[in-house]
Amino acid sequence: MDKRFVSSLSLALTAVLSPAHAATVPEGVSLAQKQQLVRANGAEPSTIDPGFVGSGSPGDVIVNDLFEGLVIENLQGEVSPGQAESWTVSPDGKTYTFQLRKGLQWSDGKPLTAQDFVFAWRRAVDPSTGNNSGFNLVTANIEHAQAILAGQQSAEKLGVVAPNPYQLVVSLSKPTPYFLSLMSIKTFFPVPEHQVKAYGDGWTRAEHFVSNGAYVLKQWTPNESVEVVRNPRYWDNGNTVINQVTYLALSSQNAEMMRYQAGEIHMTNRVQLEYYQKLLKESPEQIQSLRLLGSYVYAFNTKQPPFDNPDVRRALSMSIDRNVLVEKVTGQGEPAAFSVVPDMIPHYTNFAPAFQTQAHQSRLSEAKLLLAKAGYGASNPLKVTLTYNTSENHKKLALAIASMWKTLGVQVALENMEWNAYLAAKAAGDYTVARSYAFGDYAEPSSVLNSFTCHHVNNETGFCDAQFDTLLKRASDEQDETKRYRLYRQAEQILDQSMPVMPIYHYNHTRLVKSNLKGFPSNNPKGNIYAKDLYFIAK
């Protein structure tokens with residue numbers, strides 16, 4: 001791969017890389033005649049609109065194949081050119097100029113221009129659209145994004161302009177080291193202005209749908225499947241191998257496994273523990289794993305008694321034996337988590353709470369004292385409802401946690417919800433303790449920690465601490481990495497003391513994949529697996 005990348009904040013930066021992210025088929029490998037992929041996708045997507053889709057959601061996976069941003073990740077997880085063929089950075093690090101590829105088209109044949117990016121970004125940050133991903137533009141430090149999101153300025157003031165059809169100029173309020181990594185987040189994808197204005201929210205219906213990625217929507221059958229087919233107008237279509245992808249809305253791992261074993265599915269969304277351990281011994285070539293920049297957590301509703309009491313939250317977290325959970329319940333190589341920030345960020349060491357090294361019995365004794373201090377015991381047992389979205393794995397974990405809490409005298413009820421109902425309940429604060437997740441979109445602690453700031457759109461717990469927010473603000477202004485990371489650790493310590501969420505493990509996403517399906521990334525912290533990189537070999 002020819003790769004040239006010159007980076008300096010004192011000099012203009014230009015990136016020019018050759019296409020290295022389409023399917024790379026080794027010489028001498030024979031391709032299968034049929035190149036149609038069927039993958040289980042966990043649940044019914046709520047949207048496939050890039051501006052509205054949530055990271056890690058079922059729709060996020062599909063949008064990855066339908067659309068493409070300025071940059072994309074290659075098989076090693078490195079930033080590579082996407083719709084932009086090159087970019088430059090001003091000496092002060094505050095102005096990025098992207099040069100789009102010539103001849104880009106939407107799937108309906110209309111030209112794709114830099115203005116489509118301007119339109120999409122303004123739409124994403126405009127609070128009147130009802131979009132909940134505008135915070136990404138604030139995270140990127142794009143000029144005026146914060147004021148626009150707060151309703152203080154119009155979206156037209158956003159620091160992004162298209163001086164001509166092939167050039168996009170982005171102005172930042174300050175140098176942002178992780179800016180390029182953010183550009184592969186869906187919020188920064190273009191959307192077809194002509195279709196959005198013509199059909200409003202209905203533009204994502206199959207009959208109106210237009211995309212710019214390797215695939216285009218063919219059919220969406222609610223609660224069953226989404227089908228996409230090759231987009232012949234995609235700039236690198238010649239290097240795409242998979243002709244069609246079907247994403248199945250299957251929240252049941254049992255159903256996944258049955259259809260996988262029957263040959264109806266080529267890639268599962270998850271793997272149940274008992275099958276994982278069996279296949280690890282018998283057919284390890286069918287197991288694909290990716291470490292992710294995220295943590296599996298249980299969120300407390302800190303606005304609802306008794307979970308507005310940090311002692312109660314801390315007691316419940318301390319009593320969990322995470323090693324038992326990752327070894328006996330999940331059992332697929334996930335590291336136990338005592339912090340929401342994953343342990344895979346270069347040069348960063350997570351904050352370790354004091355109870356992490358305590359013997360489990362000692363933790364239980366301390367947890368009982370904390371509950372007693374809060375007024376709970378044998379005569380007044382704490383009652384907890386654990387909410388989780390439909391999944392055998394989530395259920396098993398919830399049952400195990402409930403069992404651990406019963407040793408404290410806690411009475412636990414389990415509440416299972418389908419995906420969309422589960423999202424709605426969390427958004428409305430209609431829960432006490434809920435299965436959740438903390439994901440980052442770029443390899444820096446702030447990517448996870450920011451979602452716990454006051455009034456953040458993804459802060460489902462209601463947690464709000466001025467000192468925590470101040471530390472993150474100071475870190476965002478600090479250019480020295482060592483000093484910045486020290487501030488993040490201090491912020492993590494506040495989270496540990498307040499415990500708005502209970503970290504369980506850091507994600508290691510494991511799937512079952514047919515042995516003749518190739519082209520998987522060796523590293524991608526965002527968990528992105530692009531269909532255009534995949535291919536079936538002849539058996």
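Residue pairs meeting the side-chain hydrogen bond (donor to acceptor under 3.5 Å, both in side chains) criterion with at least one member in residues 341-357, sequence neighbours excluded, are Arg291-Asp343, His347-Glu481, Tyr348-Glu492.
The pair Asp477-Lys174 meets the salt-bridge criterion, with a side-chain N (NZ, NE, NH1 or NH2) lying under 4.0 Å from an Asp/Glu carboxylate O.
The number of heavy-atom neighbours closer than 6.0 Å to CG of Asp201, taken from other residues, nucleotides and ligands shown, is 12 or below. Counted within 6.0 Å of CD on Glu156, heavy atoms from surrounding residues, nucleotides or ligands total more than 12; the atom is thus considered enclosed. Other residues, nucleotides and ligands contribute more than 12 heavy atoms inside 6.0 Å of the NZ atom of Lys396.
Ring orientation note: the planes of Tyr437 and Trp419 are close to parallel, at an angle under 30° on the 30°/60° scale.
Two rings, from Phe98 and Phe117, have their centers 6.0 Å or more apart. Checked against the 6.0 Å centroid criterion, the rings of Phe300 and Tyr298 do not qualify as a close aromatic pair.
Residues passing the salt bridge (charged side-chain N to carboxylate O under 4.0 Å, His left out) test with Lys483: none are found, sequence neighbours excluded.
Test Val53, Leu66, Asn136 against Lys186 for side chain to side chain contact (heavy atoms under 4.5 Å, CB included) and you get one pass: Val53. Just one of Glu334, His506, His394 meets the side chain to side chain contact (heavy atoms under 4.5 Å, CB included) condition when paired with Tyr296; it is His394.
If you take CZ on Phe189 and CD on Gln83, they are separated by 9.5 Å, rounding to the nearest 0.5 Å. Between atom CG of residue Leu472 and atom CZ of residue Phe452 there is a gap of 11.0 Å, rounded to the nearest 0.5 Å. Between the CZ atom of Arg484 and the OG1 atom of Thr482 there is a distance of 9.0 Å, given to the nearest 0.5 Å. Atom OH in Tyr485 sits 8.5 Å away from atom OG in Ser446 (nearest 0.5 Å).
At least one donor-acceptor pair closer than 3.5 Å links the side chain of Thr470 to the backbone N or O of Ala466.
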### Task
Just do the side chain to side chain contact (heavy atoms under 4.5 Å, CB included) check on Arg511 and Ile529 with the steps written out, would you?
CA-CA 12 Å; Arg511 296 175 171 85; Ile529 299 174; 3.3 Å; yes
### Message
Test side chain to side chain contact (heavy atoms under 4.5 Å, CB included) on Tyr507 and Phe439; report intermediate values, then the result.
### Response
CA-CA 9 Å; Tyr507 279 108; Phe439 267 110; 3.7 Å; yes
### Step-by-step side chain to side chain contact (heavy atoms under 4.5 Å, CB included) determination, Val384 to Phe307
CA-CA 9 Å; Val384 178; Phe307 304 103; 3.8 Å; yes
### Task
With salt bridge (Lys or Arg N to Asp or Glu O under 4.0 Å) as the test, would you mind laying out the steps for Arg123 and Asp49 before giving the verdict?
CA-CA 12 Å; Arg123 176 175 177 256; Asp49 186 324; 2.5 Å; yes
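The two atoms that bring Ser339 and Ser295 nearest to each other are O-OG, 3.9 Å, heavy atoms only. Of all non-hydrogen atoms in Pro381 and Gln411, the two that sit nearest each other are CG-NE2, 3.4 Å.
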